[in-house]
There are 2 protein chains.
Amino acid sequence: MNNQTPSITGANAGRSRQHNRQVVLGHIRKAGAIGRAEIARASGLSTQAVSNIIADLLGDGLLRPSGHRSAGRGAPVTQYGLNPLGGLALGVEVRPDAIIASLLDLEGSSLFTTRTDLECADPPTVAGQLTRLRDQALEHVELPARKLVGAGIVMPGPFGMRGFSEGASDLPGWENIDPAELLGAALALPVTVENDANAAAMAERVSGIARGLDSYAYLYFGAGLGLGVLAAGCLMRGAHGNAGEVGYIPVPSARGIVPLETLVSRLSVRRALAAAGILVTDMSELTALYHAQSPPLMAWLDQAAPALSLAAQTIENLFDPQTVILGGAMPAPVLDHLIDHMSMAEASVSARAGRTLPRLLRGTAGRTTAAQGAAALVINQIFTPQISAQP
Amino acid sequence: MNNQTPSITGANAGRSRQHNRQVVLGHIRKAGAIGRAEIARASGLSTQAVSNIIADLLGDGLLRPSGHRSAGRGAPVTQYGLNPLGGLALGVEVRPDAIIASLLDLEGSSLFTTRTDLECADPPTVAGQLTRLRDQALEHVELPARKLVGAGIVMPGPFGMRGFSEGASDLPGWENIDPAELLGAALALPVTVENDANAAAMAERVSGIARGLDSYAYLYFGAGLGLGVLAAGCLMRGAHGNAGEVGYIPVPSARGIVPLETLVSRLSVRRALAAAGILVTDMSELTALYHAQSPPLMAWLDQAAPALSLAAQTIENLFDPQTVILGGAMPAPVLDHLIDHMSMAEASVSARAGRTLPRLLRGTAGRTTAAQGAAALVINQIFTPQISAQP
DNA sequence: GATTTAGCTCAAGTAAGTTGAGCCTGCGCC
DNA sequence: GGCGCAGGCTCAACTTACTTGAGCTAAATC
C-alpha cells in the first residue's frame with residue numbers, strides 16, 4: 001500500500017533472469033500463442049535467451065505448446081501459450097461483515113468463489129478464516145498448494161486519515177497492524193494489499209473489458225465511490241496509498257458544493273429511496289426498481305448522472321486515459337443508464353479524432369469483483385516486470 | 001510524448017550495467033556524499049559491483065571524491081559526490097514567438113539562459129536556432145560538446161485533439177512532424193519532448209522546492225493552466241501525452257459550470273484587468289498592481305482562489321500527493337495570495353495527521369521555469385533507471 | 001528438385017555480478 | 001600506548017545468464 005521512496009534496487013544475473021521471465025510471459029499473454037523468434041524480436045533478447053527461458057517456464061508448468069503455424073517461408077513456428085492451471089492466485093475481499101474469496105487461474109478465469117459471514121473482523125479471526133479459505137479453494141480445484149503464487153487482499157480504506165463516510169466501513173482492531181505481513185504469514189504466501197477500486201480496475205484488465213489496455217480509469221461503486229487508475233500499466237497509488245478517492249472531490253449540487261459521494265454512491269441511492277419509503281438492502285434490488293421506472297430512483301439518477309459527468313470529465317482531463325469504465329456494486333441497467341445520460345463535453349483531451357474506444361464503458365458489475373480483482377493483482381504481477389523488486 | 005504500449009525490453013549484461021549506473025548515481029545524488037558500502041547496502045548490490053561502477057563513473061567524470069568521514073570504528077569512508085560539471089543538459093522552450101534555452105549542470109544549477117525572438121516558428125527555423133543556441137551555450141560555459149548528455153524540449157500542447165484555447169498557442173507547421181526526431185537530428189542529441197507543466201514540475205524536483213519528493217502535483221501557470229504530476233517518481237503522461245489538462249476541468253462559477261482555465265489563467269486575469277481598462281502585457285506587471293491592491297486584480301483573485309481550491313482538492317483526492325505546488329508565470333506575491341486564500345477541506349486524503357509538508361507550496365515563478373524544466377527532465381533521466389530503454 | 005527463408009539448437013565466448021580472502025585504517029579497550 | 005577488532009575496500013576466482021555464429025530442419029518458392 002505504501003510505496004513511498006521505493007529503495008531502488010540494482011540488477012544482477014538472477015534479477016535479470018526474473019525480469020526476463022516476466023517479460024517473456026507478458027508477451028505470451030498478450031499474443032495468446034507466439035513463437036520464440038517473435039518474442040525475441042519484441043523483447044530485444046536473443047532467440048537463444050528466449051529459448052532458455054521458455055524451457056524453464058515449460059518446466060515450471062506455466063506454458064504449454066500451442067501448435068505449429070507456418071507463416072510464409074521458413075520452418076513453421078513452434079508456438080507456446082499460457083497453461084492456465086500453471087499458476088493460481090487467491091483473491092480476498094475483507095469486509096466488516098464478511099470475507100469473499102476467489103481463486104483465479106493464469107488467464108484470469110475464476111475457478112472458485114465463496115463468501116463467509118464474519119461475526120467479528122479482528123485480525124486473528126480474519127487470518128484464521130483466510131487459511132481455511134485457501135485450503136478450501138485448493139481442495140475444490142484439486143491442485144497442490146505450490147501452484148498458488150500469491151494472494152491479493154482488498155480491505156476498506158482509506159488508511160491513515162480522518163474519514164467522513166458515515167457507514168462504519170473501517171475495520172476495528174487493524175489500526176496498528178500491517179495486513180500484508182500478518183496475512184502473508186497466515187497464508188504462507190506473498191500478499192499484496194490494495195483498495196477495492198484499484199483491485200476492480202485490475203480485474204477488468206486481466207479478464208474483463210479492459211483487456212489489452214494500459215491506461216484507463218475505473219469508477220467503482222464499492223463502499224463509497226472509488227477510482228482505480230492504471231497509468232502506463234501501473235496502478236496509481238499516491239504517496240500514502242489513498243489515490244483515487246473520487247468520492248471526496250467537490251461537485252456542485254442543488255445544496256451547494258458537496259463531495260461527489262453524497263450524490264453518487266450506494267449509500268446515496270439507498271438514502272434517496274429510503275426517503276421515499278423504499279428500503280433497499282442489496283443493490284440487485286435496484287434492477288427491478290429501474291425496470292419499473294421507480295420515480296425516486298429515476299430522480300436519483302437524474303442528479304447522479306450530471307455529477308458523475310463532471311467527475312468523468314475531470315478524470316479525462318487529468319489522466320488522459322484510453323477510456324473511463326463504470327463498474328462495481330450497481331446493477332448493469334443502472335450503470336448503462338448513467339452512461340447513456342452522462343454528457344461528455346467536447347472540450348476534453350479525450351474528445352480526439354480517431355478514437356477506437358467509447359469514452360465511457362460499463363465494467364463488470366457484481367459482488368465478487370473486488371475479490372477477483374485482488375487475485376488479478378497477483379496474476380498481473382506475474383506478467384509485469386517489477387522495476388525494483390526486493391531480493 | 002507518446003508512451004502507449006511501451007514494448008517491454010528484456011535485460012542483458014549491458015542493460016543491467018546501465019541500470020546499475022543509474023541506480024548508483026541516484027543514491028549519490030540523494031545522499032550528496034556517500035561511500036561505496038552504503039550504496040551497496042541501499043541498492044542490494046555487492047560492494048565490489050558498486051566499486052566497479054564508481055570507477056567507471058569517475059573515469060567518465062560524473063563523480064568526484066568528496067572527502068573521508070570516519071563514523072565509529074573501522075576504516076573511514078571514502079565518499080563520493082556528483083561532479084556538477086560532469087554532465088550538462090540543454091533545455092528549450094519553444095513558443096510561437098520566441099525560444100528560451102537554458103543549460104543545467106548535473107546538480108540542476110543553471111549555467112546559462114537566453115531568449116531569442118522568433119519571426120516564425122516553423123520546423124526548419126526552430127531546428128536551425130536550436131543548433132545555434134546549443135553552440136552558444138557550450139561556448140559560454142567553455143565546455144566540450146561531449147559533456148552534453150541530452151536535450152529537453154517544451155512545446156505547446158495539447159497534441160492531437162481539438163483545443164479550445166483562444167490564444168494561438170499552437171505552432172503552425174508542426175502538425176505532422178515528430179519534434180523529437182527532427183530536433184534530435186538537428187542537435188545531434190537524444191531529445192525528450194514534454195509539456196510545460198510536466199517540465200516545470202521536474203524543475204522543482206531537480207533543484208527547487210520539490211527536491212527529494214517523489215509524489216506531488218504542480219499547478220503551472222503557462223499558456224493556460226497546466227498540471228504536472230509526479231507519481232512514485234514518474235511523470236504522468238496519460239495515454240496520449242495529454243494528462244494534466246487541469247485547465248479543462250469543469251468548475252462552478254457565477255456563470256454556471258465553466259472550464260477552470262476561464263477563471264484561473266494568465267488569459268483570464270489579463271481579460272479581467274482589460275475589462276477595467278488595465279492592459280497587462282507581462283505578468284510581472286501584476287506585482288505592482290497587487291501591491292497597490294488594484295480592485296480588478298483583487299476581484300479576480302477573489303474568484304480565482306475558490307475555483308483553484310476546488311481543483312486542488314480534486315487533485316489531492318485523486319492523486320494523493322505529498323503536496324500541491326503552485327508555480328509558473330505569475331508573480332510570487334500573487335501565488336502567495338492564492339495559497340493563503342485557498343480553503344482546503346478537512347475531508348481529503350491529504351488532511352492526514354503527521355504531515356510534514358504544507359498542503360500547498362509555492363514553486364519557482366518565472367519565465368524560464370519551463371526551459372529549465374526541460375533540461376531537468378534530462379538530468380532526472382540520468383539518475384532514474386529506465387524500465388524499458390530501447391537498446 | 002534445387003534454392004531460399006525462417007525457426008530453432010548447439011557450443012563457445014563475454015559481460016557483469018557475487019563470493020571469499022586479505023589488507024588497511026582508526027576507534028576503543030585493556 | 002599497544003593490541004584487538006570492526007568496517008571499508010580491493011584482488012582474484014567463480015557463477016550466471018546473455019550473445020554470437022555455425023549448423024540443422026522444414027516449408028514455400030522457383
Side-chain angles (χ1 to χ4, degrees), chain A residues 8-25 27-28 31 33-60 63 65-80 385 388-389 391, chain B residues 8-25 27-28 31 33-60 63 65-80 385 388-389 391:
Chain A
I8 294 160
T9 306
N12 58 20
R15 294 200 275 260
S16 288
R17 176 60 152 219
Q18 181 60 20
H19 173 94
N20 288 346
R21 275 175 65 116
Q22 292 176 305
V23 167
V24 168
L25 279 169
H27 284 291
I28 292 172
I34 189 173
R36 295 164 166 86
E38 197 176 339
I39 297 173
R41 282 189 297 265
S43 63
L45 294 168
S46 60
T47 49
Q48 185 56 57
V50 173
S51 248
N52 293 339
I53 291 165
I54 284 188
D56 261 23
L57 294 172
L58 283 170
D60 292 350
L63 296 185
S66 110
H68 295 247
R69 184 178 51 89
S70 49
R73 283 185 165 186
V77 186
T78 318
Q79 294 186 305
Y80 295 90
S388 52
Chain B
I8 292 160
T9 307
N12 58 20
R15 294 198 275 258
S16 288
R17 176 59 153 225
Q18 181 59 21
H19 173 95
N20 288 346
R21 273 176 66 117
Q22 292 175 307
V23 167
V24 168
L25 279 169
H27 284 292
I28 291 174
I34 189 173
R36 295 163 164 86
E38 197 176 339
I39 297 173
R41 282 189 297 265
S43 64
L45 293 169
S46 59
T47 49
Q48 185 57 58
V50 173
S51 248
N52 294 339
I53 291 166
I54 285 189
D56 261 24
L57 294 172
L58 282 170
D60 292 349
L63 295 185
S66 106
H68 295 248
R69 183 178 52 89
S70 49
R73 283 185 163 184
V77 185
T78 318
Q79 293 187 302
Y80 295 89
S388 51

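Numbers restart at 1 for each chain; the letters A, B, ... are given by sequence-line order, proteins then strands.
Using a distance-only test at 3.5 Å, with no hydrogens or angles considered, a donor-acceptor pair links the side chain of B:His19 to the main chain of A:Thr9. Looking only at distances, a side-chain donor or acceptor of B:Asn20 sits under 3.5 Å from a matching main-chain atom of A:Ala11.
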Under 3.5 Å between N/O atoms: give me all the protein pairs with nucleotides 14-17 of chain D, atom names plus distance.
none

Please list each protein N or O that sits under 3.5 Å from an N or O in nucleotides 20-29 of chain C, with the distance.
from	atom 1	to	atom 2	distance (Å)
C:dT25	O2	B:Ala75	N	3.2

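For the pair A:Arg36 and C:dT9, the criterion of a side-chain N or O lying under 4.0 Å from OP1 or OP2 is met. Regarding contacts with the backbone of C:dT9, every side-chain N or O of A:Thr47 stays at 4.0 angstrom or more from both OP1 and OP2. Contact annotation: A:Ser51 does not reach the phosphate of C:dC8 (side-chain N/O to OP1 or OP2, under 4.0 Å).
B:Ile54 has its CD1 atom 13 Å from the P atom of C:dG17, to the nearest Å. With rounding to whole Å, A:Asn12 atom CG is found 12 Å from D:dC18 atom P. Taking atom CZ of A:Arg41 as the reference point, atom C1' of C:dC8 lies 13 Å away to the nearest angstrom. Following rounding to the nearest Å, B:Asn52 (CG) and D:dA12 (P) show an atom-to-atom distance of 13 Å. In this structure, the CD atom of B:Gln18 is 17 Å from the C1' atom of D:dC18, given to the nearest Å. Distance CD (A:Gln79) to C1' (C:dC8): 14 Å, rounded to an integer number of Å.
In the set C:dT18, D:dC18, D:dG8, the nucleotide with an atom closest to the side chain of B:Ala49 is C:dT18.
Closest approach of A:His68 and A:Pro76 over heavy atoms only: CB-CB, 4.4 Å. In terms of heavy-atom proximity, A:Tyr80 sits nearest to A:Ile28 at O-CG2, 3.9 Å. In plain terms, the two heavy atoms of B:Val23 and B:Pro385 that are nearest each other are CG2-CG, 3.7 Å. The shortest non-hydrogen separation linking A:His27 to B:Ile8 is NE2-O, 3.4 Å.
Using a 4.5 Å heavy-atom cutoff, the side chains of B:Arg21 and B:Asp60 are in contact. Side-chain contact between A:Asn12 and A:Arg15 is present, with at least one heavy-atom pair separated by less than 4.5 Å.
Distance check, rounded to the nearest 0.5 Å: CG of B:Leu25 to CG of B:Leu57 gives 4.5 Å.
Take the nearest nucleotide of DNA chain D for B:Ala37 and for A:Val50: the residue whose nucleotide is more 5' is B:Ala37. Looking at which nucleotide of DNA chain C each of A:Glu38 and B:Ile53 is closest to, the 5′-most match is held by A:Glu38.
From one end of the helix from C:dG1-D:dC30 to C:dC30-D:dG1 to the other, with five pairs defining each end axis, the axis direction shifts by 10° (rounded to 10°).
Listed by chain and number, the residues in a side chain to side chain donor-acceptor pair (under 3.5 Å) with A:Ser66 amount to none (sequence neighbours excluded). The side chain to side chain donor-acceptor pair (under 3.5 Å) search around A:Asn52 returns A:Gln48, not counting sequence neighbours.
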Let me have the donor-acceptor pairs involving side chains of residues 37-47 of chain B, under 3.5 Å, with sequence neighbours excluded, atom names and distances please.
from	atom 1	to	atom 2	distance (Å)
B:Ser43	OG	B:Ile39	O	2.8
B:Ser43	OG	B:Leu45	N	3.3
B:Ser46	OG	B:Ala49	N	3.2

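Using a 4.0 Å heavy-atom criterion, one finds that A:Arg69 contacts no nucleic acid atom at all.
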